[in-house]
Amino acid sequence: MTPNQITLVQTTWAKVVPIAPTAAALFYGKLFELDPALRPLFKSSIEAQGEKLMMMIGTAVGGLNDLGALVPAVEGLGRRHSGYGVEDKDYDTVGTALLWTLEQGLGSAFTPEVKQAWTETYVTLSGVMKSAAAKAFA
Ligand code: HEM
């Protein structure tokens, strides 16, 4: 990712933070519309889960300048996700729901450059999660 893309992700995330509960609700609504079979994987309350998701995205977004430092935590997250029953293909569904949510929240600020920067962020993070999950079973 380029420094400009990192800045784009961080500045647009700062606009989502004040509406985080709404964004989380939109996100899960979209996710379960895209794949209702994912709903039973979530055992705790969706509100609590939404807070954790938003906090983790915030941590990841804040850490993009130093990805190396972020990797161990994201690997741990990926290993835990295989324990939650999450499969590789589910990362695509979550990515689609996340980008859609950002588009709803950001409106005209969700430019093609912003979309591309977020896509690269998500592909990077989900790639680390998936490979850590795969290694856990190797
Ligand atoms: C960048 C991608 C993702 C991030 C940052 C993320 C973040 C989180 C966080 C912070 C938790 C709290 C528990 C923990 O830390 O282990 C969690 C739990 C969970 N996540 Fe994710 N997640 C991601 C991708 C996914 C995907 C692709 C799915 C697939 C449906 C998913 C489903 C779940 C489930 C089922 C739980 C456990 C919920 C429960 O026990 O009620 N996550 N996630």
What's the shortest heavy-atom distance between [X] and [Y], and which atoms?
X	Y	answer
Gly85	Leu41	O-CD1, 3.9 Å
Ala69	Pro72	O-CD, 3.6 Å
Arg79	Ala132	CG-O, 3.6 Å
Ser126	Tyr91	CB-CD2, 3.5 Å
Leu99	Thr119	CD1-OG1, 3.6 Å
Gln10	Gly62	NE2-O, 3.8 Å

Nearest 0.5 Å, what's the [atom1]-[atom2] distance between [X] and [Y]?
X	Y	atom1	atom2	answer
Leu67	Ile6	CG	CD1	6.5 Å
Thr121	Met1	OG1	CE	3.0 Å
Lys115	Leu106	NZ	CG	13.0 Å
Tyr28	Gln49	OH	CD	4.0 Å
Lys130	Ser82	NZ	OG	13.5 Å
Glu75	Lys135	CD	NZ	5.5 Å

Between [X] and [Y], is there shared hydrophobic-cluster membership here, with clusters defined by ILVMFWY side-chain heavy atoms closer than 4.5 Å?
X	Y	result
Met56	Met129	yes
Leu26	Val94	no
Val17	Leu53	yes
Val123	Leu102	no

Exercise for review: Verify the ring-centre separation between Tyr84 and Phe42: is it less than 6.0 angstrom?
Suggested key: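 No, they do not, as the ring centres are separated by 6.0 Å or more.
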Check your understanding: Taking side chain as C-beta onward, heavy atoms only, is Leu31 less than 4.5 Å from Thr101?
Key ->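 Answer no - side chains too far apart.
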**Study point:** Sub-4.5 Å side-chain heavy-atom contact between Ile46 and Phe32
**Key:**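 Yes, at least one pair of side-chain atoms sits under 4.5 Å.
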**Study point:** salt bridge (Lys or Arg N to Asp or Glu O under 4.0 Å) partners for Lys30, two or more places apart
**Key:** Glu33
Check your understanding: With distance as the sole test, does Asp66 use its side chain to make a donor-acceptor pair with the main-chain N or O of Gly63 at under 3.5 Å?
Key ->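 No; zero donor-acceptor contacts below 3.5 Å.
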Exercise for review: Not counting sequence neighbours, which residues clear side chain to side chain contact (heavy atoms under 4.5 Å, CB included) with Asn4? List them please.
Suggested key: Thr2, Leu8
Review point. Which pairs count as ring pair (Phe, Tyr, Trp, His ring centres under 6.0 Å) when at least one residue sits in residues 100-135, sequence neighbours excluded?
Key: Trp13-Trp118
Exercise for review: Let me see the working for Asp35 and Leu38 under side-chain contact (heavy atoms from CB on, under 4.5 Å), right down to the final yes or no.
Suggested key: CA-CA 6 Å; Asp35 189 352; Leu38 294 177; 3.7 Å; yes
